[in-house]
Number of protein chains: 2
Amino acid sequence: MMKNDRVVFIVDDDERIREALAELLESHGMRSVAFGSAGDYVEADKPDLLACLILDVELPDINGLEFQRQIAEGEHPPIVFITGHGDVPSSVRAIKDGAVDFLTKPFSDADLMTAVQTALDQDRQDRSTRAELGALRRRYLDLTPREREVLTLVVSGLLNKQAATELGISEVTLEVHRRNIMQKMAAASLADLVRMAERLKIPVTHSRRNPGGN
Amino acid sequence: MMKNDRVVFIVDDDERIREALAELLESHGMRSVAFGSAGDYVEADKPDLLACLILDVELPDINGLEFQRQIAEGEHPPIVFITGHGDVPSSVRAIKDGAVDFLTKPFSDADLMTAVQTALDQDRQDRSTRAELGALRRRYLDLTPREREVLTLVVSGLLNKQAATELGISEVTLEVHRRNIMQKMAAASLADLVRMAERLKIPVTHSRRNPGGN
DNA sequence: GGCGGCCTCATGGATTTCCATAGAATGCGA
DNA sequence: TCGCATTCTATGGAAATCCATGAGGCCGCC
């Protein structure tokens, strides 16, 4: 009953710890892959599965907390820190930087497994969010520069006429752009498009419409 | 040059600590009000200013972390924990629960002041967000039950006709509701209304519109 | 029993959006 | 230089929205 859709990465310089952790995880039906240093972890090509990273704070090549910040630049599995010499400032920094938990040895098997489970759950969430946002961004990149301008004005609430004036083009042209946008973004409605723009953090310009009334 | 638009609350059972903190804060032009227990803090009527709360973990009446969770139910200033016997699990919990920082004695004046400043900045942000959301909610509460139903359907992207059918009323009636909504919510455009609904976490229903594509 | 708020509906016109179709100019890379 | 993407424009009609105005029924509260 080994679950093959998920994996736990272990980065710890102590081989005995790595083995103990691997064993513990296996006994819970959890597949794991261990590394002796941050460098090894980075170099390795890792399966694209639901994952979590158990990271020792003290590593031979780099400080675990520093390493956390480095990989925070890109996509990375949620981190559970473990350490033999845990101090408060480190744990504070780790959690502030998004770590799921910070366990000091000795910790119970149960605590670790709970943290791992939480991390995996979070990864599921992260992935789903990333996937959606990624799809959205891809569609956005499909837009031409002009269409992006139009999109901004439209989701700001401007009437076609107003937006057209703003861009110095005819209303008809703007309509064409607008419909192309709806098409490319696969928006079912203006409301939909506005929500997409929100998630893409597209700023609202002069969100007026009927400023004076009528 | 005492700034009177902000205040730092101190909750610590040790009077010497309270006085030392108050002095330190004062030397930085910061007004403070100190309490000997969580109960005293709760009972006191506190000025509605930009604030931050320096909280000792060990209190006579309740554990600081527990107290944090209690006040987390409602509005409260950002918390900076201080403690004489800081342990990692406590700090982890505190930060997870939203504390700005967790300082163990002895800590430097600079560290505390930095944390206090961060907390005050966060309070400014929190207040601004709360104020906007509050105004939005008040307007939403101004809507009649029917209008709220209509709002949901409209921001879901339904055409007036579709929404009207959904509610079993005529299109004209729905238009009336719709315009009343725009009025009451002070929305400048549909895009605007959609964004408001997002912030109010109004769920989208069957967000279709031209399902098959005419 | 009257008043006010709420929900309902109608008419009708101005305005806007939606859609399909078609043509043309620019500019850039193959 | 040809082809393609991008941008621009137009016509014309269907559909939808916006707006003002008027009005009837229901219900709870004073």
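Quick note on labels: first sequence line is chain A, next is B, and so on, each numbered from 1. We use all heavy atoms of the structure for the numbers below, so side chains are in, but hydrogens, waters and symmetry mates are not.
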Roughly how many Å is it from [atom1] in [X] to [atom2] in [N], rounded to a whole number?
| X | N | atom1 | atom2 | result |
| --- | --- | --- | --- | --- |
| A/Leu143 | D/dA5 | CG | P | 16 Å |
| A/Gln183 | C/dA20 | CD | C1' | 12 Å |
| B/Ile181 | D/dC19 | CD1 | C1' | 16 Å |
| B/Arg178 | D/dT17 | CZ | C1' | 7 Å |
| A/Lys161 | C/dC18 | NZ | P | 15 Å |
| A/Glu171 | D/dG12 | CD | C1' | 14 Å |
| A/Ile169 | D/dT9 | CD1 | C1' | 10 Å |
| A/Leu153 | C/dT17 | CG | P | 13 Å |

OP1, OP2 of [N] versus side-chain N and O of [X]: anything below 4.0 Å?
| X | N | result |
| --- | --- | --- |
| B/Asn160 | D/dT17 | yes |
| B/Arg179 | D/dC19 | no |
| A/Ser170 | D/dC8 | no |
| A/His177 | D/dC8 | yes |

> For DNA chain D, whose closest nucleotide is more 5', that of A/Val172 or that of A/Lys184?
Replying inline: A/Lys184

> Among B/Leu151, B/Thr173, B/Leu190, B/Leu193, which one satisfies side chain to side chain contact (heavy atoms under 4.5 Å, CB included) with B/Arg178?
Replying inline: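 When side chain to side chain contact (heavy atoms under 4.5 Å, CB included) is applied between B/Arg178 and each of B/Leu151, B/Thr173, B/Leu190, B/Leu193, only B/Leu190 qualifies.
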
> For A/Tyr41, is the NZ or CZ atom of A/Lys46 found under 6.0 angstrom from the centre of its six-membered ring and inside 45 degrees of the ring axis?
Replying inline: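 Yes; both conditions hold, so A/Lys46 lies above the ring face of A/Tyr41.
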
> Which angle, to the nearest 10 degrees, lies between the helix axes at the two ends of the helix from C/dG1-D/dC30 to C/dA30-D/dT1, each defined by five pairs?
Replying inline: 40°

Is it true that [X] and [Y] have a side-chain N and a carboxylate O under 4.0 angstrom from each other?
| X | Y | answer |
| --- | --- | --- |
| B/Asp142 | B/Arg139 | no |
| A/Arg18 | A/Asp14 | no |
| A/Asp5 | A/Arg124 | no |

> What is the nucleic acid contact for A/Thr173, judged by heavy atoms within less than 4.0 Å: base, sugar-phosphate only, or nothing?
Replying inline: base

>> Would A/Asp13 and A/Glu58 count as a side-chain contact (heavy atoms from CB on, under 4.5 Å) here? Give the steps.
In response: CA-CA 8 Å; A/Asp13 62 330; A/Glu58 297 89 18; 5.8 Å; no

>> Test of understanding: with side-chain hydrogen bond (donor to acceptor under 3.5 Å, both in side chains), list the residues that count as partners of B/Glu132, not counting sequence neighbours.
In response: B/Arg199

> Nearest of D/dT6, C/dC6, C/dA10 to any side-chain atom of B/Thr144?
Replying inline: C/dC6

> For B/Glu175 and B/Asp142, take the nucleotide of DNA chain C holding the closest heavy atom to each; which residue's nucleotide lies nearer the 5' end?
Replying inline: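 Its nearest nucleotide being more 5', the pick is B/Asp142.
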
